[in-house]
*Asks:* 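This structure is in structure tokens; I'll ask about it shortly.
Positions are given from 1 along the sequence.
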Amino acid sequence: MTRYIRHAAFFCALLLTALLVNAARVQLVVAHGYDGNPANRRPTIARYAQPRGDILVGGRPVTASRDTGEQLRFERAYTDGPLYAPVTGFASQVYGTTLLEHTEDAVLSGTDPMLSSLPLLGELTRARDPGGDVVTTLDPEAQRAAYRGLAGRKGAVAAIEPSTGRILALVSAPSYDPGVLSGNGPEAARAWAQLNDNPDKPMLNRAVRQTYPPGSTFKVVTAAAALDARLIRNLDEPTDSPDPYRLPGTTTRLTNEGDGCQDASLRDAFEWSCNTVFAKLGVDVGAERMVRTAERFGFNDPRLRIPFSVARSTFDTTVDRAQLALSSIGQYNTRATPLQMAMVAAAVADGGQLRPPYLVERTARRGGATVRTAGPRPARQVMLPSTAAKLRELMEGVVREGTGTNAAIPGALVGGKTGTAQHGLGNSGTPYAWFVSWAQDERDMEARVAVAVVVEDASANRGEISGGGTAAPIARAVMQAVLTS
């Protein structure tokens with residue numbers, strides 16, 4: 001009898017050992033596989049069991065978490081949702097996350113190991129830390145000024161602090177309220193369908209995810225290339241430019257909107273946006289130099305992130321001389337995001353240095369302790385300092401007495417460049433109105449803001465839309481908001 005008891009005890013011990021080994025295997029080896037199984041709802045329940053961290057603008061949260069009392073307990077809520085949607089994106093229980101809600105999800109959801117003071121213990125216990133906060137670089141007054149300026153129009157605004165690369169405003173219009181997508185009920189499904197079916201594409205982030213022909217604002221880049229190459233040494237010397245200008249190798253003649261462009265100096269051509277002068281300058285500079293200069297400013301770079309990805313701005317590297325002429329005035333295949341053109345203006349304002357733009361100042365634990373900071377961002381010299389000084393002078397002239405007088409701010413130095421970009425079959429579409437600029441209070445040692453504005457207003461009369469008339473006042477409002485903050 002004792003032998004049978006001993007055998008039964010041994011067998012029970014063997015079963016217990018097997019059970020413990022299997023439990024350890026499940027928890028330590030295959031647990032992550034179960035986590036990713038669609039049939040396992042525990043990770044989803046755990047994800048929404050606690051409030052999400054917040055995204056902060058000007059020290060105040062523009063997000064919140066709403067307790068629903070349901071199995072997926074906390075839903076995302078937004079303060080001024082349409083105003084900040086191009087920055088926050090959405091966090092939906094059904095449709096996932098976008099923009100900052102996506103790139104900073106680990107911090108906001110509490111899964112980032114850096115949030116824990118004892119990360120190894122947290123890994124073993126699989127406990128979730130409280131969601132952390134994301135502190136943005138945005139200036140709330142500049143953001144509101146840009147949003148109000150675009151009210152009722154399609155377009156975008158990007159504003160940067162030239163000396164640091166901090167993004168001060170990022171607005172896209174029309175916008176939407178990301179809060180309508182937060183839940184998992186039929187209301188969220190209806191909102192998703194309506195937003196995706198809307199022909200105005202309110203969920204498209206036009207500031208960083210849409211590229212446009214930059215039109216005459218690209219002449220800043222062309223002028224930089226010509227000045228760096230020493231093709232132009234004196235801003236007031238005639239440029240030996242015909243009007244009209246015959247595109248090389250073709251019978252096509254390029255003309256100007258106004259008179260006075262024949263043999264105009266670079267100063268006059270820049271102030272009055274003479275297409276013929278800059279098309280010829282681009283050809284004289286040559287494709288290789290033009291491509292190199294454009295790429296130094298950030299064109300053709302697919303790696304730009306702020307931290308979410310930015311659409312690649314393009315300058316065609318395989319153009320013939322006629323195509324180069326058109327590319328050099330911001331047409332043909334030249335395309336840019338508003339953020340890219342704000343970077344161009346920022347480089348001029350900062351003595352030819354370009355600092356990578358960024359949107360997140362720091363991330364923090366729920367109590368406010370910093371987890372990560374943006375840190376120093378090295379600048380790259382995209383043009384000679386002497387070239388940048390001449391371009392500042394040219395851009396100041398545009399605002400003082402050229403096509404950009406609507407951007408002038410009393411008591412401040414303002415430089416700008418207007419643009420009216422043609423598009424559509426046979427250039428039949430309503431032109432896009434562009435304005436790029438920078439501003440510096442007379443008491444400051446350096447420019448405090450660089451701005452790019454694009455307005456694509458399909459309802460506007462073709463003859464009434466222009467960079468100076470439509471986009472410059474929006475840029476002025478944004479610059480004023482930064483200078484007075």
*Asks:* Would you check if there is a donor-acceptor pair between the side chains of Ser273 and Ser216 at a distance under 3.5 Å?
*Replies:* yes

*Asks:* Got a sec, which pairs hit side chain to side chain donor-acceptor pair (under 3.5 Å) with one end in residues 137-150, sequence neighbours left out?
*Replies:* Asp139-Ser485, Glu141-Arg144

*Asks:* If you round to the nearest 0.5 Å, how far is OG1 of Thr318 from CD of Gln323?
*Replies:* 7.0 Å

*Asks:* Do Val344 and Val436 come within less than 4.5 Å of each other through their side chains, counting heavy atoms only?
*Replies:* no

*Asks:* Just by modelled atom types, is the Gly298 backbone N or O under 3.5 Å from a matching donor or acceptor in the Ser313 side chain?
*Replies:* no

*Asks:* Using only atom types and a distance under 3.5 Å, with no angle test, would you say the side chain of Ser182 pairs donor to acceptor with the backbone of Glu75?
*Replies:* no

*Asks:* Holding to ring pair (Phe, Tyr, Trp, His ring centres under 6.0 Å), I want the full list of residues that pass it with Tyr212, two or more places apart in sequence or in another chain.
*Replies:* Tyr432

*Asks:* Among all residues two or more places apart in sequence or in another chain, which pass the ring pair (Phe, Tyr, Trp, His ring centres under 6.0 Å) test with Phe218?
*Replies:* Phe299, Phe315

*Asks:* Considering only residues two or more places apart or on different chains, which pairs with a residue in residues 163-173 satisfy salt bridge (charged side-chain N to carboxylate O under 4.0 Å, His left out)?
*Replies:* Glu161-Arg166, Arg166-Glu361

*Asks:* Does Trp434 use its side chain to pair, donor to acceptor, with the backbone of Lys417 at less than 3.5 Å?
*Replies:* no

*Asks:* Can you pull out every salt bridge (charged side-chain N to carboxylate O under 4.0 Å, His left out) where at least one residue sits in residues 86-102? Sequence neighbours excluded, please.
*Replies:* Arg52-Glu101, Arg76-Glu101

*Asks:* With a 3.5 Å cut-off and sequence neighbours excluded, list the donor-acceptor pairs that the side chains of residues 89-97 form with protein atoms.
*Replies:*
unit_1, atom_1, unit_2, atom_2, d
Ser92, OG, Val94, N, 3.0
Ser92, OG, Tyr95, N, 2.9
Ser92, OG, Leu181, O, 2.6
Gln93, OE1, Asn184, ND2, 2.8
Gln93, NE2, Phe74, O, 3.2
Thr97, OG1, His102, ND1, 2.9

